[in-house]
Student: 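What follows is a structure written as C-alpha cells; I'll ask about it next.
Residue numbers begin at 1 in each chain, while the letters A, B, ... track the order of the sequences.
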Amino acid sequence: MKKSSIIITSEKLKVQDCYDFVQDAACGGIALFVGTVRNHTKNKEVSHLNFSAYEPMALKEMQKIAALALAKFQIHKIAIHHAIGELQIGDIPVIIAVSSAHRKAAFEACEFAIDTLKETVPIWKKEHFNDGEIWVNSHP
Amino acid sequence: MKKSSIIITSEKLKVQDCYDFVQDAACGGIALFVGTVRNHTKNKEVSHLNFSAYEPMALKEMQKIAALALAKFQIHKIAIHHAIGELQIGDIPVIIAVSSAHRKAAFEACEFAIDTLKETVPIWKKEHFNDGEIWVNSHP
Amino acid sequence: MKIQLLFFGITTDLVGENSIFYELKSVATVQDLKNELLLNYSKLKNIEEFAIAVNEEYAENDLVLKENDVVAIIPPVSGG
Amino acid sequence: MKIQLLFFGITTDLVGENSIFYELKSVATVQDLKNELLLNYSKLKNIEEFAIAVNEEYAENDLVLKENDVVAIIPPVSGG
C-alpha cells in the first residue's frame with residue numbers, strides 16, 4: 001500500500017484529494033495544513049505570486065520528508081502537494097495531510113512536514129506588487 | 001464579521017464548509033483537524049457509532065472554546081462542527097478549522113480546540129460491536 | 001422545591017429516564033443533590049464520576065440550587 | 001572537465017541563464033566551484049548565500065565534482 005502521495009502540479013490543488021488519499025478505516029484523525037496566498041506581506045499589498053521549482057529534486061526532497069515523517073511519527077499516510085506557476089490571492093500553494101490512529105502524531109507530523117518543506121524543498125516564490133516584484137527570502 | 005462557526009448537526013459534515021468559512025484573503029494558512037470513525041478500538045472491531053449531545057449546552061461550550069482560541073492565539077477565524085446520530089466507519093464526527101496569518105498559531109489553536117472539546121463539550125459516543133455496545137469513557 | 005433533572009449518555013440507561021421533575025429540600029447545594037441521587041439511583045455508582053450542569057453551565061459542588069433549575073447529570077464526555 | 005550548471009529563483013535573473021555547460025579544472029570541490037562562480041558572476045554576491053545540489057541532492061562544500069555532474073545553484077528556498 002502506498003503510504004505517501006507527493007505531487008507538484010500547475011493545476012489547482014484540492015483539499016479533498018489529499019483527504020481522500022490519507023483517509024483510512026484504521027485511522028481516527030486527520031490533520032491538514034493548507035497554505036493560502038495572502039493579500040499582503042510586510043504591509044505591502046500583493047497582487048499575485050509565482051512559484052517555480054527544481055522539479056525532480058523538489059519531488060525527491062518532498063519524498064524524503066514523507067519518509068522521515070512516516071518513520072518518526074506513528075502515522076498511517078501522508079500527502080504533500082505543492083502548486084507551481086501563477087497563483088492569485090486565496091489560491092493554495094501547498095497542502096499537507098496526515099492520518100493517524102491518535103491525533104497527536106498527526107498534528108506533529110503535519111507541522112514537521114510543512115516546517116521542513118519550507119527549509120529544504122527547492123521551490124521559489126516571487127511576490128508581485130503593483131510597483132514591482134521580489135524573490136522571497138533572497139534579499140539580505 | 002463573524003469569527004466563529006459553531007454547528008451540531010445530524011447531517012454529514014463537510015471539510016469544504018469549514019474551509020470556506022475560515023478562508024480569508026488576509027490569512028496565510030489554515031490548520032484543520034478531521035476526526036474519523038475507526039474500525040476498531042482496543043483490538044475490538046467497531047461496527048458503528050452513535051453520538052448524542054446535550055445540544056444547547058454543547059453549543060455554548062463549543063462557542064466558549066472558539067472565543068478562548070480567538071483570545072489566546074493570533075488567529076483569524078475558527079470553525080467547530082460536530083455530528084450527532086449514527087455514524088459509520090470512515091464518517092466524520094468532528095471538524096476543526098482555524099485560519100491565521102502565520103501557521104504556528106493555527107496549529108496551536110486547532111490542537112487546543114480539539115483537546116478542549118474532548119474534555120468539556122457534553123457529547124457522548126456509544127460504540128457498537130457485533131456482540132454489544134459501550135458508552136465510551138463511562139466505565140471505570 | 002422542584003427542579004428538573006436531565007440524564008445523558010450512560011446515565012439515561014442507568015436511571016431509565018431522560019428527564020424528570022425532582023423534589024428537593026429548600027436549601028440544597030449541588031453536592032447535596034449528588035449525594036441524594038447516589039442514594040435514590042444507586043446504579044449511578046456504576047460510573048466513576050459525573051458532573052452537574054445547572055441551566056446549561058457546569059456547576060461547582062457548593063452552588064446552591066434554586067426552584068425550577070434545570071440540572072443535567074453529565075457522565076464523562078466522549079465527543080470528538 | 002565539463003559540468004552542467006542550473007540556475008534557479010533569483011540566480012536565474014542575476015546570471016541571465018537557466019542552464020549552461022561550464023568548464024572546470026579537473027579536480028574541484030563544491031567550495032572551489034562556489035568561489036569561481038562568485039568571481040565569474042559577481043552579481044551572485046547580491047544574495048546572502050546559496051546552496052549547491054549535485055545530481056539533485058544537496059552537496060557539502062568538500063564534495064569532489066565529476067565530469068558531467070548536474071550542478072544546481074539553489075538560492076534560499078521559499079516554497080509552502
Student: Between A:Lys125, A:Met57, A:Lys118, A:Glu119, which residue shows the highest count of heavy-atom pairs closer than 4.5 Å to chain D?
Tutor: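 If we count pairs closer than 4.5 Å to chain D, A:Met57 comes out on top.
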Student: Counting only heavy atoms closer than 4.5 Å, note whether D:Asn55 contacts chain A via side chain, backbone, both or neither.
Tutor: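 Answer is backbone: N, CA, C or O of D:Asn55 sit under 4.5 Å from chain A.
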Student: Under 4.5 Å heavy-atom distance to chain D, tell me which part of A:Pro93 shows up: side chain, backbone, both or neither.
Tutor: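 Answer is side chain: those atoms of A:Pro93 sit under 4.5 Å from chain D.
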Student: Heavy-atom cut-off 4.5 Å, strictly under: side chain, backbone, both or neither for D:Phe50 against chain A?
Tutor: neither
Student: Enumerate by number any residue of residues 59-82 of chain A whose heavy atoms lie under 4.5 Å from heavy atoms of chain D; in the absence of such residues, state 'none'.
Tutor: A:Lys60, A:Glu61, A:Lys64, A:His82
Student: With only heavy atoms counted, which part of A:Val121 is less than 4.5 Å from chain D, the side chain, the backbone, both or neither?
Tutor: backbone
Student: Using non-hydrogen atoms and a limit below 4.5 Å, what part of residues 39-48 of chain A faces chain D?
Tutor: none
Student: Listed by residue number, which members of residues 65-80 of chain D have a heavy atom under 4.5 Å from any heavy atom of chain A?
Tutor: D:Val70, D:Ala72, D:Ile74, D:Pro75, D:Pro76, D:Val77, D:Ser78, D:Gly79, D:Gly80
Student: Between A:Trp135 and chain D, with a heavy-atom cut-off of 4.5 Å, which part of the residue counts as in contact: side chain, backbone, both or neither?
Tutor: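 Only the side chain of A:Trp135 comes within 4.5 Å of chain D.
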Student: In terms of heavy-atom pairs under 4.5 Å with chain D, which of A:Pro56, A:Ala58, A:Ala83 leads?
Tutor: A:Pro56
Student: Report, as yes or no, whether the 6.0 Å neighbourhood of atom NE2 on A:His102 holds more than 12 heavy atoms from other residues, nucleotides or ligands.
Tutor: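 Not more than 12 within 6.0 Å, no.
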Student: Using non-hydrogen atoms only, which part of A:Tyr54 is less than 4.5 Å away from chain D: side chain, backbone, both, or neither?
Tutor: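 For A:Tyr54, the contact with chain D is made by backbone and side chain together.
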Student: With a sphere of 6.0 Å drawn around CD of D:Glu23, does it hold more than 12 non-hydrogen atoms of other residues, nucleotides or ligands?
Tutor: yes
Student: In terms of heavy-atom proximity below 4.5 Å to chain A, should D:Glu49 be classed as side chain, backbone, both, or neither?
Tutor: neither
Student: Considering heavy atoms only, which positions within residues 4-11 of chain D lie below 4.5 Å of chain A?
Tutor: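 Only D:Leu6, D:Phe8, D:Gly9, D:Ile10 of residues 4-11 of chain D have a heavy atom under 4.5 Å from chain A.
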